[in-house]
Amino acid sequence: MLTGAFLLMSTHFYFHHLLTQLEKTTANERARRIIGEQIVSDLHQASAQFYQMLAEVRMEKRKFTQNLIQQELADIRSALKVIEVGGVFHKAIQLNFSPEEKLIDEIPYKKTDKERYLIELLEINPLLTEIEEKMIILENLLHKRDELQQSASQNNDQFQIQQELHRFLKNTEPLFNKISEAGKSIYFINTKRLHELDIEEKALARKYQKVELAIFISIFTLTFTLFFVLAQKILSINKKLQQEILEKGQAEDLISRAKQEWERTFDAVPDPIVLLDREHRIIRLNKAMASLVGKPVAQCVGLKCYQVMHGTDAPPSYCPHSLLINDQREHKTVKFMDLFGIFFEISVSPLFNREGELIGSVHIARDITDQKEAENALYKANEELEQKVEQRTIVLKRFIDELQYEISNRIKAEEALFQTQHQLLHAEKLSAIGKLSASIAHEFNNPLFAVMNILSGVQQHETLSPQNERMLELAIQECDRMKMLIQNLRDFNRPSTGVHVATDIHQTIDNMLLLCKKEFTDRKIMVEKNFAVNMPAILVVKDQICQVLLNLLTNARDACKNGGAIKISTEVLDKQVAISVEDNGCGIEPDHLHKIFKAFFTTKQELSGTGLGLAVSLGIIEKHEGTISVNSELQKGSVFTITLPIIPENNDMGEYRILI
């Protein structure tokens, strides 16, 4: 029924909406008809005034008529504008009792989509323009006629003017015929459209009556069917209710028996059980709980659990029921109840109603006193056993630590012994090589002196060409260089005297560079010297300083693996001289900088170094009361700087003998 009523109302509102739209369309068409009739009326007025203008003789009267025609044409254009874009049309209504006064009637009009009617009206625009053009031509002809009449010209001229007016009127007749046809067309279209709308409105009303009748019939049929179905449904429900009542009675009997069985089971549980509400009040308890607290079951119901179990006026801080109320989760705890002298394992579970709301909790307390006593006894036995194990462990650990310490010391001693043996063996080899090189240098020295004497004799007693003289000088210079190499090699390998002597440090550096020249050339290493001017002599053990310089130059050479540059600089400080050996090689690892002056530390490959060069150099420089330092950066190079004291004034040379 509700669906039928809703359908009826929806249909009524729908047809009412259609009728309203149709009425608006009809009103708009009537407004367009009024505007069209006004346009036709204005066209006829303009035509009549045009002919009236032809009959006027006076210029002022023609001007007045001409202005009236212009006004009519402007009104027509205004009406066409309203039809074209929509708006309000102002229609003037002449009052019978006052001809000079007019009543303005405002007629609203909405633009229509009927393009045919709009085209019919818009075809009037060219007619209006043509009327204006004809009016100008007519005025010119009448003006010309007036001039001829005033000048009393010949009858022949006046006759020509009359002929031109006659031809003009004949040519103007088609224009006014078009105006008349346009008016008839506008009237016919308006009348036809209004008639169509009237037919459409009557058809809509008949359609609404048919639809409304069909809906009423459908509602009546549906209502009768619903009443029939409803009656059958009521009979079916009545049978079901009777069956449910019978089943409910049987279910109540089952529930009653189940309740009795549950109560017997609840009371038969040996562990104390109690049901609490949210406010700690006892709802129900079994006989074990009543026996524990020493009160009948009926007296305990309604009391606070902490009053019965703890004898206090507030729950304890560890109360599991309070925790459950907060988080609605199960909790367990083990507590010794002073009031009963018993250990209880208490478990608390949430209790919900049918809607899932928390209404309380179920407490189950299990006596675990015997278990606790057994656990305590076991705990004491474990403690005693752990103490014994701990004592034995301490003794065993002490023995293991001593054994590990002894083994570690023995391993370190063996490693140190092996390393020392290895280094001593390498040192013996180097010593043997040094002795062999000194012997070879001595053997080379005698034939070299013979060669030099022969070349000097040739230079003194023979006359040679300039080219041969130059070659002889080069040969003598190379012999001198070989002599210096042999002398430096013999001095380097000669045992140290330990005596401080005044030494030209620049000459000493040049001697060491001479020893390294071939290796530097083979490795494509450039050597740059930046010696200080007026360098004073220094008091040092010369062969020891040579050893230090050779060690630094060798390390710089090894750092420049793929070629590079070595720069030797000297500088005079306050009472010291500074010697710097700088390379652009691989640099030193930051972690190795504090280890490089320790004995046997080396990063070179086996048999390439002993790890003693920098350690020995540091000892030599410190015995000379000097310092040696290093600055290094990976992949950029290293700078070793030596500082040594200058020879003091009035120095006693004997005081500087060093025995090594």
Restricting to non-hydrogen atoms, name the atom on [X] and the atom on [Y] that form the minimum distance, rounded to 0.1 Å.
X      : Y      : answer
Ala290 : Val297 : CB-CG2, 3.8 Å
Tyr318 : Leu323 : O-CD1, 4.5 Å
Gln299 : Leu303 : O-CD1, 3.4 Å

Notebook entry, point to check: Step by step, would you call Phe228 with Leu226 a side chain to side chain contact (heavy atoms under 4.5 Å, CB included)?
Noted result: CA-CA 5 Å; Phe228 180 74; Leu226 288 175; over 6 Å; no

To the nearest 0.5 Å, what is the distance between [atom1] on [X] and [atom2] on [Y]?
X      : Y      : atom1 : atom2 : value
Cys305 : Leu275 : SG    : CG    : 12.0 Å
Glu589 : Lys595 : CD    : NZ    : 10.5 Å
Ser408 : Asp401 : OG    : CG    : 12.0 Å
His594 : Ile588 : NE2   : CD1   : 12.5 Å
Ile325 : Gln328 : CD1   : CD    : 8.0 Å
Leu403 : Leu396 : CG    : CG    : 10.5 Å

Any residue meeting salt bridge (charged side-chain N to carboxylate O under 4.0 Å, His left out) with [X], in chain and number order, not counting sequence neighbours:
X      : result
Lys372 : Glu375
Arg410 : Glu406
Glu279 : Arg281
Lys636 : Glu633

Do [X] side-chain atoms and [Y] backbone N/O form a donor-acceptor pair below 3.5 Å?
X      : Y      : result
Thr225 : Thr221 : yes
Asn286 : Asp271 : yes
His280 : Asp277 : no

Item checked: Worked check of side chain to side chain contact (heavy atoms under 4.5 Å, CB included) between Ile346 and Val334 -> CA-CA 6 Å; Ile346 303 170; Val334 176; over 6 Å; no

Checklist line | side chain to side chain contact (heavy atoms under 4.5 Å, CB included) assessment of His592 paired with Ser632 | finding: CA-CA 10 Å; His592 295 167; Ser632 181; over 6 Å; no

Item checked: Where at least one partner belongs to residues 345-377, residue pairs that pass ring pair (Phe, Tyr, Trp, His ring centres under 6.0 Å), sequence neighbours excluded ->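 Listed once each, the pairs are His321-His363.
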
Checklist line | Any pair counted as ring pair (Phe, Tyr, Trp, His ring centres under 6.0 Å), so long as it reaches residues 377-411, sequence neighbours left out | finding: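 Checked against ring pair (Phe, Tyr, Trp, His ring centres under 6.0 Å) - neighbours excluded - no pair reaches residues 377-411.
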
Checklist line | All side-chain hydrogen bond (donor to acceptor under 3.5 Å, both in side chains) counterparts of Thr369, not counting sequence neighbours | finding: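 If we apply the side-chain hydrogen bond (donor to acceptor under 3.5 Å, both in side chains) test to Thr369, skipping adjacent residues, the hits are Asp367.
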
Check: Where do Leu358 and Leu324 land on the side chain to side chain contact (heavy atoms under 4.5 Å, CB included) test, with the steps shown first?
Finding: CA-CA 10 Å; Leu358 182 68; Leu324 181 142; 4.2 Å; yes

So, do [X] and [Y] sit near enough that their side-chain heavy atoms are less than 4.5 Å apart?
X      : Y      : value
Cys300 : Val274 : no
Ile282 : Leu276 : yes
Ile407 : Gln404 : no
Leu634 : Cys586 : no
Leu285 : Ile273 : no

In chain order, what residues pass the side chain to side chain contact (heavy atoms under 4.5 Å, CB included) check against [X], with sequence neighbours excluded?
X      : result
Leu378 : Asn382
Leu230 : Ile234
Thr393 : Val389

Checklist line | Listed once per pair and sorted, the side-chain hydrogen bond (donor to acceptor under 3.5 Å, both in side chains) pairs that draw on residues 339-350, sequence neighbours left out | finding: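 Every pair satisfying side-chain hydrogen bond (donor to acceptor under 3.5 Å, both in side chains) with a residue in residues 339-350: Glu345-Arg366.
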
Note to self: Can you pull out every side-chain hydrogen bond (donor to acceptor under 3.5 Å, both in side chains) where at least one residue sits in residues 243-256? Sequence neighbours excluded, please.
What the structure shows: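 As it turns out, the side-chain hydrogen bond (donor to acceptor under 3.5 Å, both in side chains) pairs with a partner in residues 243-256, which skip direct neighbours, are Gln243-Glu247.
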
Counting neighbours of [atom1] on [X] that are heavy atoms of other residues, nucleotides or ligands and sit closer than 6.0 Å, is the number greater than 12?
X      : atom1 : answer
Lys304 : NZ    : yes
Asn409 : CG    : yes
Glu390 : CD    : no

Margin query: Against the six-membered ring of Phe343, is Lys335 placed for a cation-pi contact (under 6.0 Å from the centre, within 45° of the normal)?
Written below: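 No, Lys335 does not sit over the ring of Phe343.
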
